[in-house]
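One structure is given below, encoded as structure tokens.
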Amino acid sequence: MEDEQGQKRTYETVRIEEEMVANNERTYGPDHPATLSARTDLAYAYWTDGRLDEAIALEEEVLADSERALGPDDPVTLTVRSNLASSYWSAGRTDEAIAIEEEVLADSERVNGPDHTTTLTARSNLALSYHQAGRADEGIVLQEQVLADSERLFGSNHEETESARETMVSAYWSAGRSNEAVAIEEQMLAESERRLGDDDLNTVTARSNLATSYRSAGRLDEARVMQERVVSDTERLLGPEHPATVAAKRTLANN
């Protein structure tokens with residue numbers, strides 16, 4: 001029943017977006033930014049409905065029209081280009097997706113500047129794409145820049161920086177650079193202890209994650225000491241019967 005309702009909602013969304021495109025074309029003309037945006041929304045509705053080929057075909061048309069009518073550097077054009085990259089990814093067209101993402105980053109750096117939020121997002125997206133495509137070294141170099149930018153622009157405690165740090169840890173682990181991954185996790189724990197305090201549950205989670213990373217890196221003595229601290233913390237904060245405490249004890253026993 002829920003699936004049928006979801007299909008009906010999706011069908012209705014597509015119908016509404018198609019009507020919006022037709023109305024905007026009639027009112028403003030095919031090259032007006034409002035029309036181009038409506039066509040972009042329709043492409044997303046197609047994508048949501050599983051009509052990926054139609055979504056890509058429409059996005060390719062919108063991109064060509066936007067480049068012609070608004071210019072390659074217009075924000076609408078940059079957004080359409082980024083959306084097309086995402087659709088190519090969904091279709092498994094990895095090389096084409098990355099090529100567009102590289103264009104988007106270069107264009108945003110040139111038009112908006114290297115520190116603009118749009119540029120930072122484009123850089124982060126490209127780093128992730130490199131990683132997913134198996135281009136680990138390129139992904140790490142770019143993600144290191146993303147992290148440095150976040151720390152410089154937002155500060156070490158900002159959620160953007162924390163997210164960049166977590167992504168950096170994953171990238172290092174995937175590349176087998178365990179020492180660098182652990183070093184960042186140690187920094188994350190220290191930041192949490194300083195900002196939130198030793199007894200905050202987020203700090204306890206960071207401590208547990210670091211214990212796991214020590215174990216994965218073969219630093220077993222450090223892992224055991226850290227896990228003992230996790231057990232002590234969870235017992236004191238949550239009680240001896242809490243599932244988190246039981247899980248922490250089980251992990252310690254298996255070390």
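Residue numbers count from 1 along this sequence.
- To the nearest 0.5 Å, atoms CG (L252) and CG (N254) are separated by 9.0 Å.
- Among all heavy-atom pairs drawn from A217 and W173, the shortest one is N-CH2, 4.0 Å.
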- I would like to know whether D31 and R68 meet salt bridge (charged side-chain N to carboxylate O under 4.0 Å, His left out); could you show each step before the answer? CA-CA 9 Å; D31 293 338; R68 173 180 52 78; 3.0 Å; yes
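- Cluster annotation: Y130 is not connected to V169 through the hydrophobic network of ILVMFWY side chains, with a link wherever side-chain heavy atoms come within less than 4.5 Å.
- Proximity of T212 to T251: side-chain heavy atoms (C-beta onward) are nowhere separated by under 4.5 Å.
- Atoms CD and OG, on E54 and S87 in that order, are 12.5 Å from each other to the nearest 0.5 Å.
- Looking at E17 and R51, no side-chain N of the basic residue comes within less than 4.0 Å of a carboxylate O on the acidic one, giving no salt bridge.
- S232 OG to L237 CG: the interatomic distance, rounded to the nearest 0.5 Å, is 8.5 Å.
- Side-chain N or O atoms of T245 include one that pairs as donor or acceptor with a backbone N or O of G239 at under 3.5 Å.
- Checking side-chain atoms of T40 against main-chain N and O of L36 turns up a donor-acceptor pair under 3.5 Å.
- Salt bridge status for E191 with R194: present, with a side-chain N to carboxylate O gap under 4.0 Å.
- The neighbour count for W89 CH2, taken as heavy atoms of other residues, nucleotides or ligands under 6.0 Å away, is above 12.
- A single hydrophobic cluster is not seen to contain both L126 and L78; linkage of ILVMFWY side chains at heavy-atom distances under 4.5 Å, directly or through other members, places them apart.
- At least one side-chain heavy atom of I56 sits less than 4.5 Å from a side-chain heavy atom of R93.
- Put simply, Y172 and Y214 are part of the same group of oily side chains (I, L, V, M, F, W, Y) that touch within less than 4.5 Å, one to the next.
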- Worked verdict on R219 versus V182 for side chain to side chain contact (heavy atoms under 4.5 Å, CB included): CA-CA 10 Å; R219 297 163 62 172; V182 168; 3.4 Å; yes
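- A43 and E59 get closest at one heavy-atom pair: CB-CG, 3.5 Å.
- T234 contributes a side-chain N or O that, together with a main-chain N or O of V231, makes up a donor-acceptor pair within less than 3.5 Å.
- With R81 as reference, E67 is the one residue of E102, E60, E67, E96 to meet the salt bridge (Lys or Arg N to Asp or Glu O under 4.0 Å) rule.
- Closest approach of T77 to G71, counting heavy atoms only: OG1-O, 2.8 Å.
- Side-chain atoms of T161 never come within 3.5 Å of backbone atoms of N157 as a donor-acceptor pair (strictly under, hydrogens ignored).
- Of all heavy-atom pairs between A38 and M20, the closest is CB-CG, 4.0 Å.
- Here D107 pairs with R110 in a salt bridge; the nearest charged N to carboxylate O distance falls below 4.0 Å.
- Contact annotation: the side chain of V76 approaches that of V80 to within less than 4.5 Å [non-hydrogen atoms, C-beta and beyond].
- In this structure, the separation between CD on E159 and CD on E162 is 8.0 Å, given to the nearest 0.5 Å.
- A salt bridge does not link E101 to R135: none of the charged side-chain nitrogens sits closer than 4.0 Å to a carboxylate oxygen.
- Heavy-atom contacts from other residues, nucleotides or ligands closer than 6.0 Å to CZ of F154 number more than 12.
- Hydrophobic clustering of Ile, Leu, Val, Met, Phe, Trp and Tyr side chains at less than 4.5 Å, counting indirect connections, unites L70 with V62.
- E61 CD to L63 CG: the interatomic distance, rounded to the nearest 0.5 Å, is 11.0 Å.
- Distance check: D53 CG to L58 CG gives 12.5 Å after rounding to the nearest 0.5 Å.
- Annotation for A171 and I140: closest pair O-CD1, 3.9 Å, computed over non-hydrogen atoms.
- A salt bridge links D115 with R152: the distance from a Lys NZ or Arg NE/NH1/NH2 to an Asp or Glu carboxylate oxygen falls below 4.0 Å.
- Looking at L189 and E185, their side chains never come closer than 4.5 Å, going by heavy atoms from C-beta outward.
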- Message: Could you go through V146 and L120, starting from their C-alpha distance and side-chain angles, then the distance that decides it, and tell me whether this counts as side chain to side chain contact (heavy atoms under 4.5 Å, CB included)?
- Response: CA-CA 7 Å; V146 170; L120 298 178; over 6 Å; no
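- In this structure, R39 and P30 approach most closely via the heavy-atom pair NH1-O, 4.0 Å.
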- Give the intermediate values and the outcome of side chain to side chain contact (heavy atoms under 4.5 Å, CB included) for residues T13 and D49. CA-CA 9 Å; T13 298; D49 195 32; over 6 Å; no
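- With salt bridges taken as basic N to acidic carboxylate O contacts below 4.0 Å, one links R15 and E12.
- When the shell of 6.0 Å around CG of D137 is examined, it contains 12 or fewer heavy atoms from other residues, nucleotides or ligands.
- Hydrophobic cluster membership is shared by Y44 and V14, with clusters built from Ile, Leu, Val, Met, Phe, Trp and Tyr side chains linked at under 4.5 angstrom.
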